[in-house]
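One structure is given here, and the rest of the page talks about it.
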Amino acid sequence: PRQIDKDTRMILEELFNLLNKREREVIIMHSLWGFKHYEIAKLLDISISTSLSCYHRGMKKMKKEMEIEI
């Protein structure tokens with residue numbers, strides 16, 4: 001989203017810092033920019049399965065961190 005409040009931005013930055021570069025790229029491209037995994041794979045020169053695994057691994061890391069915080 002174009003407009004997010006300061007607290008949400010801080011939380012997202014903390015969560016994204018948990019991820020490696022590839023996980024962060026894939027999650028941003030898929031979740032925020034709306035790219036499909038086959039598009040991400042082509043743009044990043046990776047396989048679709050790599051895109052999917054980076055996405056799921058990264059989301060799992062962030063979800064786990066959110067459960068700890070709550």
Side-chain angles (χ1 to χ4, degrees):
R2 290 181 180 218
Q3 301 265 341
I4 57 174
D5 64 46
K6 192 175 184 177
D7 292 334
T8 303
R9 181 177 298 277
M10 286 176 39
I11 291 168
L12 285 174
E13 286 176 5
E14 286 182 34
L15 291 173
F16 283 150
N17 284 333
L18 298 171
L19 309 176
N20 66 41
K21 181 183 178 205
R22 182 57 45 93
E23 291 166 344
R24 193 168 33 253
E25 290 172 331
V26 171
I27 289 173
I28 289 171
M29 292 175 81
H30 183 69
S31 297
L32 299 179
W33 297 348
F35 283 90
K36 305 291 184 198
H37 285 286
Y38 72 88
E39 296 170 314
I40 296 168
K42 186 173 182 176
L43 289 168
L44 298 180
D45 195 28
I46 58 176
S47 68
I48 294 172
S49 61
T50 299
S51 177
L52 287 164
S53 69
C54 286
Y55 177 79
H56 290 293
R57 192 177 327 110
M59 293 299 284
K60 185 176 179 179
K61 286 180 185 178
M62 291 193 300
K63 181 179 178 185
K64 183 178 178 181
E65 182 68 18
M66 288 299 293
E67 289 171 354
I68 292 171
E69 294 291 323
I70 296 175

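Heavy-atom basis, side chains included; hydrogens, waters and symmetry copies ignored. Just so you know, residue 1 is the first one in the sequence shown, and it goes up from there. As the structure is a computational prediction, the values presented were derived from the model and not from experiment.
Judged as a salt bridge (charged side-chain N to carboxylate O under 4.0 Å, His left out), the pairs with a partner in residues 50-60 (not counting sequence neighbours) are, in order, E23-R57. Listed by first and then second residue, the side-chain hydrogen bond (donor to acceptor under 3.5 Å, both in side chains) pairs involving residues 37-46 are H37-S51 (not counting sequence neighbours). Sorted by first and then second residue, the ring-ring contact (aromatic ring centres under 6.0 Å, His included) pairs with a member in residues 8-27 form an empty list; sequence neighbours excluded.
Distance CG/L19 to CD1/I28: 8.5 Å, rounded to 0.5 Å. Atom CZ of R24 is separated from atom CG of L18 by 9.5 Å, given to the nearest 0.5 angstrom. To the nearest 0.5 Å, the span separating CE on M66 from CD on E14 amounts to 9.5 Å. We find the CG-CG distance between D7 and L12 to be 11.0 Å, quoted to the nearest 0.5 Å. The line from SG of C54 to CD1 of I46 is 5.5 Å long, rounded to the nearest 0.5 Å.
Cluster membership check: W33 shares its hydrophobic cluster with L15, using side-chain heavy-atom separations under 4.5 Å among Ile, Leu, Val, Met, Phe, Trp and Tyr. Under a hydrophobic clustering in which Ile, Leu, Val, Met, Phe, Trp and Tyr are joined whenever their side-chain heavy atoms come within less than 4.5 Å, directly or via other members, I48 and V26 fall into different clusters.
Applying the side-chain hydrogen bond (donor to acceptor under 3.5 Å, both in side chains) test to T50 and every residue at least two apart in sequence or in another chain returns S47. K21 pairs by the salt bridge (charged side-chain N to carboxylate O under 4.0 Å, His left out) definition with E25, not counting sequence neighbours. For the side chain to side chain contact (heavy atoms under 4.5 Å, CB included) test, residues two or more places apart in sequence or in another chain that qualify with M59 are I27, Y55, M62.
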